Amino acid sequence: MADLPSSHTGNTGSELTDRLLQAAAEVFAEKGYEKAGVAEIARRAGVTTGAIYNRFGGKAELLLEAADHHMPDSLDTVLNSSGSGSATEVLSRLGDHLLDDLDGGHGLFLEAVVAARRDPELADRLRCRVTDEDRRLGKIVSEGTSDGLLDPGLDEQAVVRLAHAIGFGMLLTRSMGLDLPEPDNWHAVIDRVLTGLALPAENFPTDDSLTGDQT
């Protein structure tokens, strides 16, 4: 439910890196990953191919960095917001972000997913990105479980995979141009899902059990 982190956060502020990522986004969007060439990306950015290899490990890393550069990280946005709230509130807001307007980064991310089926290096890099998001989502789920908001009987990985399934599924839905629900209706469904992940009411401790009173 959240979008992918960048490993070059310190570089993307430079004018040259911005030009490279913009040129990469254009070439990947026009030609696709397999036909896109590093030389063409360098030409559009007005640099040599050496400038690209000095900053990126190759075409696979460049594609993912271009996607990151053009796609806001919804998870960071929510976590960095003041008063982010409980784990379930964070997950609810992440769900709401799935209706945000699409930008070029989402298309590049889908390009990476498709191309990764035939490119082992790209597949490895993409898997590392998603694994990092797994860790961050897992931390939110773990906190929700510790706070008694989520059922401890549920497997953490299964909950994280559900979150990704909803996020990736909505990304495909948006990319296909399918009709979207009204924000309030979508929010109600997301909250209903989160309610289903909560500890069943009959399992909540009573005041007597908390005080040890067995009478």
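Position 1 is the first residue of the sequence; numbering continues from there. Computed from a prediction, not measured in an experiment: that's the story for all the values here.
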(request) Over all heavy atoms of both residues, which pair between Ala116 and Leu126 is shortest? Give the atoms and the distance, please. (result) CB-CD2, 4.1 Å
(request) Report the distance from atom OG1 of Thr17 to atom CD1 of Ile52, rounding to the nearest 0.5 Å. (result) 11.0 Å
(request) Check Ser175 against Leu110 and note the closest heavy-atom contact, atom names and distance. (result) OG-CD1, 2.9 Å
(message) Can you tell me if Asn185 has over 12 outside heavy atoms packed within less than 6.0 Å of its CG?
(response) yes
(request) Looking only at non-hydrogen atoms, find the nearest pair between Leu197 and Leu154 and report the distance. (result) O-CD1, 3.5 Å
(request) Identify, with sequence neighbours excluded, every residue that meets side-chain contact (heavy atoms from CB on, under 4.5 Å) alongside Leu149. (result) Ser86, Thr88, Asp147
(request) Kindly compute the distance separating CD (Glu15) from CG (Leu20), expressed to the nearest 0.5 Å. (result) 10.5 Å
(request) Report the residues that fulfil side-chain contact (heavy atoms from CB on, under 4.5 Å) with Ala115, sequence neighbours left out, ordered by chain and then residue number. (result) Tyr33, Leu122
(request) Please report the shortest heavy-atom distance between Phe28 and Leu62, naming the atom on each side. (result) CE1-C, 4.1 Å
(message) Between Glu121 and Arg125, does any NZ, NE, NH1 or NH2 come within less than 4.0 Å of an OD or OE carboxylate oxygen?
(response) yes
(request) Hey, could you give me the NE2/CG distance between His106 and Asp101, rounded to the nearest 0.5 Å? (result) 10.0 Å
(request) Check whether any side-chain heavy atom of Phe56 sits under 4.5 Å from a side-chain heavy atom of Leu64, and report yes or no. (result) no
(request) Following the transitive rule for hydrophobic clusters with a side-chain heavy-atom cut-off under 4.5 Å over Ile, Leu, Val, Met, Phe, Trp and Tyr, establish whether Tyr53 and Val27 coincide in one cluster. (result) yes
(message) side chain to side chain contact (heavy atoms under 4.5 Å, CB included), that's the test. Do Arg135 and Asp132 meet it? Break it down for me.
(response) CA-CA 5 Å; Arg135 177 186 58 77; Asp132 181 71; 3.0 Å; yes
(message) For a 4.5 angstrom cut-off between non-hydrogen side-chain atoms, does Thr145 reach Asp151?
(response) no
(request) Decide yes or no for His164 and Asp134: does some side-chain heavy atom of the first lie under 4.5 Å from some side-chain heavy atom of the second? (result) yes
(message) Going by side-chain contact (heavy atoms from CB on, under 4.5 Å), name the residues that satisfy it together with Ala51, two or more places apart in sequence or in a different chain.
(response) Val47, Thr48, Arg55
(request) Answer yes or no: is there a side-chain heavy-atom contact under 4.5 Å between Ser92 and Leu194? (result) yes
(message) Contact between Leu162 and Val193 at the side-chain level, heavy atoms closer than 4.5 Å - yes or no?
(response) yes
(message) Salt bridge check, Glu133 against Arg129: does any charged N sit closer than 4.0 Å to a carboxylate O?
(response) no
(request) Give, for atom CG of Leu108 and atom CG of Leu63, the distance between the pair rounded to the nearest 0.5 Å. (result) 6.0 Å
(message) Between Val113 and Phe168, is there a side-chain heavy-atom distance shorter than 4.5 Å?
(response) no
(request) Please go through Val114's hydrophobic cluster and name the other residues, only I, L, V, M, F, W, Y counting, with side-chain heavy atoms under 4.5 Å joining them. (result) none
(request) Identify the two heavy atoms, one from Thr49 and one from Ala42, that lie closest to each other, and give their separation to 0.1 Å. (result) N-CB, 3.8 Å
(request) Scan residues 31-41 for pairs that pass salt bridge (Lys or Arg N to Asp or Glu O under 4.0 Å), counting only residues two or more places apart or in two chains. (result) Glu34-Arg118, Glu40-Arg43, Glu40-Arg44
(request) Would you indicate whether the side-chain heavy atoms of Leu94 and Ile190 approach each other to under 4.5 Å? (result) no
(message) Looking at every non-hydrogen atom in both residues, tell me the closest pair between Ala66 and Ala25 and how far apart they are.
(response) CB-N, 4.3 Å
(request) Would you indicate whether the side-chain heavy atoms of Ser142 and Glu156 approach each other to under 4.5 Å? (result) yes
(message) Holding to side-chain contact (heavy atoms from CB on, under 4.5 Å), I want the full list of residues that pass it with Thr173, two or more places apart in sequence or in another chain.
(response) Met170, Leu178, Leu180
(request) Determine whether more than 12 heavy atoms belonging to other residues, nucleotides or ligands lie under 6.0 Å from atom CD of Glu30. (result) yes
(message) Between the side chains of Asp124 and Arg127, is the shortest nitrogen-to-carboxylate-oxygen separation below 4.0 Å, so that they form an ion pair?
(response) yes
